[in-house]
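Everything numeric in this text was worked out from a predicted model, so none of it was measured. Positions are given from 1 along the sequence.
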Amino acid sequence: MARNFKTRNPEKYDYAQLLYMDGATQKEVARKVGITESTISNWVQSGGWEAKRAARNISPEQIANKLLAKLNDMLEAGEDFNPAAFAKITRQLKSFKREAGIDDLIYAFIAFGSWLEKESLTDDRITPELIELITGLQDKFILYRRNAENQ
């Protein structure tokens with residue numbers, strides 16, 4: 001159901017997701033985007049936004065390091081070595097070597113935008129117009145990637 005609405009109004013959906021991922025409450029997102037709290041709640045639930053936002057607190061590198069440590073422990077287990085479990089963790093580790101998804105791009109663009117805003121306080125070359133241009137190009141790129149994934 002929320003998927004159909006996203007298709008009809010992708011700009012509001014994407015903007016809501018950006019705000020939510022940046023730490024806004026559901027109530028704040030609903031107000032800023034101009035949607036009901038029920039709609040944002042549905043989007044958060046159906047899109048898995050809560051888990052994605054929580055995942056921002058642990059980096060892929062940290063996860064990979066934990067998996068590598070687990071593999072090391074398994075190798076040192078000696079007679080208790082479990083090849084099936086070892087293979088499973090190895091597959092999980094390989095899954096981190098993938099192309100950046102739209103969520104990854106959004107997170108990176110949010111972080112870059114925050115950095116640009118901070119830098120603009122001390123760097124006169126970073127103007128509001130430049131930030132607006134960069135943000136527009138980022139949005140255009142995300143739409144391009146989303147359309148490419150849907151084909």
Side-chain angles (χ1 to χ4, degrees), residues 1-71 73 84-151:
M1 189 158 53
R3 184 79 173 146
N4 290 339
F5 188 79
K6 178 185 178 191
T7 303
R8 288 192 319 240
N9 202 334
E11 292 82 14
K12 280 190 175 187
Y13 183 94
D14 291 342
Y15 182 49
Q17 186 176 25
L18 282 170
L19 291 172
Y20 185 80
M21 293 300 164
D22 204 30
T25 65
Q26 290 185 26
K27 188 174 192 168
E28 291 169 333
V29 173
R31 184 180 47 78
K32 288 180 180 180
V33 177
I35 56 176
T36 66
E37 288 181 44
S38 174
T39 297
I40 189 65
S41 178
N42 288 336
W43 287 355
V44 168
Q45 185 176 6
S46 66
W49 295 2
E50 194 170 294
K52 290 175 185 176
R53 185 162 76 174
R56 291 178 70 181
N57 295 326
I58 184 165
S59 70
E61 293 80 17
Q62 290 171 314
I63 294 170
N65 287 336
K66 288 179 187 249
L67 289 172
L68 287 170
K70 180 70 173 171
L71 288 174
D73 292 344
F86 188 86
K88 181 179 178 182
I89 292 175
T90 302
R91 282 191 305 275
Q92 289 173 335
L93 191 56
K94 286 180 183 177
S95 74
F96 286 119
K97 295 181 180 179
R98 60 172 176 76
E99 185 177 329
I102 290 177
D103 291 343
D104 301 317
L105 295 172
I106 290 171
Y107 299 142
F109 290 160
I110 289 171
F112 183 66
S114 296
W115 177 82
L116 270 179
E117 289 176 13
K118 290 176 189 169
E119 285 296 306
S120 72
L121 300 174
T122 58
D123 188 337
D124 293 338
R125 297 173 301 165
I126 304 173
T127 63
E129 293 80 16
L130 176 63
I131 293 172
E132 186 176 332
L133 173 65
I134 291 170
T135 302
L137 291 171
Q138 291 171 338
D139 291 345
K140 188 174 180 179
F141 182 69
I142 289 170
L143 290 173
Y144 165 78
R145 286 290 302 274
R146 188 178 68 210
N147 290 335
E149 286 180 6
N150 291 334
Q151 291 180 356

Do Phe86 and Thr90 pass the side chain to side chain contact (heavy atoms under 4.5 Å, CB included) test, and can you show the C-alpha distance, the side-chain angles, and the key distance before you say yes or no?
CA-CA 6 Å; Phe86 188 86; Thr90 302; 3.7 Å; yes

Return a table of donor-acceptor pairs under 3.5 angstrom between the side chains of residues 109-122 and protein atoms on other chains or two or more places apart.
unit_1	atom_1	unit_2	atom_2	d
Ser114	OG	Ile110	O	3.2
Ser120	OG	Glu117	O	2.6
Thr122	OG1	Glu119	O	3.3

Side-chain atoms of residues 25-34: list all donor-acceptor pairs with protein atoms under 3.5 Å, sequence neighbours left out, distances to 0.1 Å.
unit_1	atom_1	unit_2	atom_2	d
Thr25	OG1	Glu28	N	3.1
Thr25	OG1	Glu28	OE1	3.4
Glu28	OE1	Thr25	N	2.8

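For Ala85, the side-chain contact (heavy atoms from CB on, under 4.5 Å) partners two or more places apart in sequence, or in a different chain, are Met74, Asn82. In terms of the salt bridge (charged side-chain N to carboxylate O under 4.0 Å, His left out) criterion, residue partners of Asp123 (sequence neighbours excluded) are, by chain and number, Arg125.
Taking CG of Asp22 as the start and CD of Gln17 as the end, the distance is 12.0 Å to the nearest 0.5 Å. Distance check, rounded to the nearest 0.5 Å: OH of Tyr107 to CG of Leu18 gives 10.0 Å. Interatomic distance, Ile106 CD1 to Asp139 CG, rounded to the nearest 0.5 Å: 9.0 Å. How far CD of Gln138 is from CG of Leu133: 10.0 Å, rounded to the nearest 0.5 Å.
Using the six-membered ring where Trp is involved, Trp49 and Tyr20 have ring planes that are tilted, between 30° and 60° apart.
Taking the six-membered ring for Trp, Trp43 and Tyr15 have ring centres at least 6.0 Å apart.
Considering all non-hydrogen atoms of both residues, Thr39 and Ile35 come closest at CG2-CD1, 4.2 Å.
At a threshold of 4.5 Å between non-hydrogen side-chain atoms, the residues Asp14 and Leu143 count as touching.
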